Amino acid sequence: MDLSDIQKAVGLKSPIRHQLFIDGEFVDAISGETLATLNPHDNSVIAQVAMAGHADVDLAVKAAHKAFPAWSRMQAADRGRILLKLADLIEANGEELARLESLDTGHPIRDCRMLDVPRTAGCFRYFGGMADKFQGETIPVDAGFLNYTLREPLGVVGQVVPWNFPLMFTSWKMAPALAAGNTIVLKPAEITPLTTLKIAELMREAGMPAGVVNIVPGLGQVAGQYIAEHPDIAKIAFTGSTATGKRIVQASAGNLKKVQLELGGKGANIVFEDANLIAAVNGAAWAIFHNQGQACIAGSRLVLHENIADAFLEKFIALANSIRLGNPLDPETEMGPLTSAMHRDRVLSYVEVAKAEGGEVLAGGVSPGGDLANGCYVKPTIVRVKNYKDRVAQEEVFGPFVTVLTFKTDAEALDIANGTEYGLGSGLWTTNLQRAHLFAREIRSGMVWVNSYKRVNPGSPFGGTGQSGYGREMGFDAMREYTQVKSVWVNIDAQIKPHYPR
Ligand code: NAP
Ligand code: MG
């Protein structure tokens, strides 16, 4: 099928964008090279997408520099207005974006409609409103002086986005950067560029000046690495694996770029003896199985009090086995394929790791076969492990794969929760108020959910500690990340004596 046939088959009203977006125009790569993006349901080719090389990134950086003075000096409320308009356009084109995201990533269409699209619009809207509300301070300093701070944009920022939530993460990255007055060169993941390019089209419609946002799909090791190294880029914001995050830190050293990293996780989800069991079972399933487990904050380590473990697991296994796998474009589908065949194989390889470590597979552990045999599917997988230090309970699997551990005492539960190199998201289920707050304080992670899991909101800071990275997305913290502080001293007292009176 060619591109327009695919467009019709998926029910898309507008053509699928497949070129780079530089200086307000969709263009081919200078080299003419392209990269196929696939539908993970059956691994068929959706589109050949232009692949940016160094020369294309250079053009994007130039365009972003040219656009910076006007964009950063524009009245903040006017920048905000463009983001608000974009949020409206995202909603107006919601079905289009949902279908495109589902096609390219394998997210169930029902999730795209209910979560990815509204959250993307919500994020642009929140930061559209934020643009003229983020402000400096006046500071009481020495008598006779007025001291105040300016929050200035950084300049051209580089952003590298992964494939697990391409649409939503495009908004998390772009919205605060733009609200603060920066201009952008963004590289989507090579396997999921389509919705980011659609956002570029909507930006243009919203009145975004040319060059403010530039999108350069391409290879991480080429375009991504070059963005991280680029001497004319002031900051790099990255979401992805811890290993790549470390490479980015090294690459950024040349011009001492500001770096923001949102990396991997191995979220503990602790269920205490006094928890509401039904709520915990449902919440734990959402925590790990939503988006096929491809979430840095996934609750991938289930930590159960031994007295309720059997009762919990009986219900949890039944729920996992009942999740409807299928074509993500089918509204009945609850779980789609993983986003690539390579990633499916990597996830399945952890079943072997678990078995070798003496783990017991309680559910799943295989691809479904049948109609889904050509796709990147993995059944919801539950593995009971022997020790929380086992590899399978330490390394990020990033799939519908949860490890089960049990504990006797609260102290033991805390040791397990804090016993990985990561520190991104974690959850706990209890009806004991004191315990809830104590654990919220003691757990080493950037986010803690009590009697819930995986809630996000554009107002609430999102990020990690340890090997999960540093910096925060969302809220006022994100605005701080995308600005630098300038301290201005003004002598307001003519009587102040100079240091060398003559
Ligand atoms: P990854 O390599 O970290 O990729 C994330 C992004 O970084 C992609 O856009 C990638 O481009 C780009 N990239 C790769 N190498 C780069 C480099 N040297 N310099 C600059 N950018 C570079 O992640 P992955 O290999 O796709 O996934 C592997 C694992 O990462 C997953 O299993 C999971 O553990 C973790 N992960 C975490 C998150 C998260 O939300 N925290 C998201 C995705 C993955 P390409 O697309 O061309 O590779
Ligand atoms: Mg794809």
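All figures in this text were calculated on a predicted structure; none of them were measured in a lab. Counting convention: from 1, in listed order, for ligands and their atoms alike.
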Give a yes or no on whether a salt bridge exists between [X] and [Y], defined as a side-chain N under 4.0 angstrom from a carboxylate O.
| X | Y | value |
| --- | --- | --- |
| Glu95 | Arg113 | yes |
| Lys266 | Glu421 | no |
| Asp330 | Arg324 | no |

Which atom pairs, one a donor and one an acceptor, fall under 3.5 Å between side chains of residues 378-386 and the rest of the protein, sequence neighbours left out?
{"residue": "Thr381", "atom": "OG1", "partner": "Gly365", "partner atom": "N", "Å": "2.8"}
{"residue": "Thr381", "atom": "OG1", "partner": "Lys379", "partner atom": "O", "Å": "2.6"}

Without placing hydrogens or testing angles, list every side-chain donor-acceptor pair under 3.5 Å for residues 116-123, not counting sequence neighbours.
{"residue": "Asp116", "atom": "OD2", "partner": "His107", "partner atom": "ND1", "Å": "2.9"}
{"residue": "Thr120", "atom": "OG1", "partner": "Asp116", "partner atom": "O", "Å": "2.5"}

Exercise for review: State which residues pass side chain to side chain contact (heavy atoms under 4.5 Å, CB included) with Asp58; sequence neighbours excluded, sorted by chain then number.
Suggested key: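 Result, side chain to side chain contact (heavy atoms under 4.5 Å, CB included) vs Asp58: Tyr226, His230.
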Practice item. Please list, by chain and number, the protein residues whose heavy atoms come under 4.0 Å of ligand 1. Key: Val160, Val161, Pro162, Trp163, Asn164, Phe169, Lys187, Pro188, Ala189, Glu190, Gly218, Leu219, Gly220, Gly224, Gln225, Phe238, Thr239, Gly240, Ser241, Thr244, Arg247, Ile248, Glu262, Leu263, Cys296, His343, Arg346, Glu396, Phe398
